[in-house]
Protein chains: 2
Amino acid sequence: MYYTIAQIAEKTGLTAHTLRYYDKEGLLPFVERSGSGIRQFKEIDIEWLAVISCLKDTGMPVKQVKVFIDWCMLGDKTLRQRHNLFLEQKKQVDAQIAQLKKYLKKINYKIAYYETALKAGTEKVHTSQKCRTQAKKKMLAGAKKKPAKRR
Amino acid sequence: MYYTIAQIAEKTGLTAHTLRYYDKEGLLPFVERSGSGIRQFKEIDIEWLAVISCLKDTGMPVKQVKVFIDWCMLGDKTLRQRHNLFLEQKKQVDAQIAQLKKYLKKINYKIAYYETALKAGTEKVHTSQKCRTQAKKKMLAGAKKKPAKRR
DNA sequence: CCTTGACTTAGAGCTAACTCTAAGTCGTAT
DNA sequence: ATACGACTTAGAGTTAGCTCTAAGTCAAGG
């Protein structure tokens, strides 16, 4: 049972244009064709596309994804490389999440800042910089000694 | 005490080129100039740049960051908009983190997959598809048996 | 005075990842 | 048979975000 490119576009959220682009870039060597050249996607190809999206959306450039796909096509002799690739990608994603969490803290601080300002009717409520100075003091103190609060 | 563009590039990790580009795009209206037009960055400008990087790195396009900066320059009458902007950005970042965590699970599964394959010396250890089939059963429990009529 | 080096500008060039166009083929429905 | 719509291709165009170049200004050191 085969899917057309339009059906796969529907299923994956990618456009048919993008799928052809990926194919042209060598990301879809596993997709079969009919006698007249029509792409015939199978269930398993949807799994391939999920892996491709995972790598791409976690920051891997298309060219490097192609390298991975090529390794897959080469079989067992590239197992080690592929294993390393995912270990490396895990590191990347861990770092991305850590960075986003830092930014989230900054955003939460800003939300609190604007809530205070809205209540006061003016941003000037912050210009004495009491808050900022105190926050700094807290952070500096926290950096020195780790609070033993766990569980 | 002022910093040159090169010193700020050093401190922020952005290039001097990029800082001029941001300025040209209207992101740095708060940066003062000397009589001869040299940018004079102050401590507070480093904080501005940290906020700009936070918004940009969490997915906000430069043009929308400019809108935010313009709001800041307009003073208290834009407090509500700025508050909303950060609430919205928080949603975005929460969603990004959630998506990355999903991808991380997929990557961890792949790492385990390749570890098993490496131990066995071949990927064929997975071709019985016991694991995958069982996972599918879980996920598809309820949505199965489509007549699936296709060319 | 002249050189050096950091800065200035406008604007061109680059890269990644699409996004679209034009011209053409194919398979089915009227 | 012919029209329709979905597919095919090569290749051009677009966008964001830089990245760099060329030509010029300016202040300090030899």
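Lettering follows sequence order; numbering is per chain, from 1. If you're wondering where the values come from, they're calculated on a predicted model, not measured in any experiment.
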J.: Should the pair B:Lys101-A:Asp94 be classified as a salt bridge under the 4.0 Å nitrogen-to-oxygen rule?
T.: no

J.: Starting at atom OH of A:Tyr3, determine the distance to atom P of D:dC7, rounded to an integer number of angstrom.
T.: 15 Å

J.: May I have the distance from A:Leu28 (atom CG) to D:dT8 (atom P), rounded to whole angstrom?
T.: 12 Å

J.: Expressed in angstrom and rounded to an integer, what is the separation of A:Glu25 atom CD from C:dT15 atom C1'?
T.: 13 Å

J.: Could you tell me the separation between the CD atom of A:Gln7 and the P atom of D:dA6, rounded to a whole number of Å?
T.: 11 Å

J.: To the nearest Å, how far apart are B:Leu19 CG and D:dT19 P?
T.: 12 Å

J.: Rounded to the Å, how far apart are A:Phe41 CZ and D:dT8 C1'?
T.: 13 Å

J.: Restricting to side chain to side chain donor-acceptor pair (under 3.5 Å), what partner residues turn up for A:Glu88, sequence neighbours left out?
T.: A:Gln92

J.: Can you measure B:Glu10 atom CD to C:dC7 atom C1' for me and round it to whole angstrom units?
T.: 17 Å

J.: Between B:Tyr114 and B:Tyr109, is the ring centre distance below 6.0 Å?
T.: no

J.: More than 12 foreign heavy atoms under 6.0 Å from CD of A:Glu10: is that the case here?
T.: no

J.: With the 4.5 Å side-chain cut-off for hydrophobic clustering, are B:Val31 and B:Trp71 part of the same group?
T.: yes

J.: By the 4.0 Å heavy-atom rule, please label B:Ala16 as base, sugar-phosphate, or nothing.
T.: nothing

J.: How many whole angstroms separate atom CG of A:Asp23 from atom P of D:dA10?
T.: 10 Å

J.: Does a side-chain N or O of B:Arg20 approach OP1 or OP2 of C:dT9 to a distance below 4.0 Å, or not?
T.: no

J.: Side chains of B:Glu43 and B:Tyr3 only: does a donor on one sit below 3.5 Å from an acceptor on the other?
T.: yes

J.: Using a 4.0 Å heavy-atom cut-off, write out nucleotides 18-26 of chain C from 5' to 3' as B (base contacted by protein), S (sugar-phosphate only) or - (no contact).
T.: BBBB----S

J.: State whether B:Glu123 and A:Lys77 are salt-bridged, where the test is any N-O pair (Lys NZ or Arg NE/NH1/NH2 against Asp/Glu carboxylate O) under 4.0 Å.
T.: no

J.: C:dA16, C:dT9, D:dT9: which one has an atom nearest the side-chain heavy atoms of A:Arg39?
T.: D:dT9

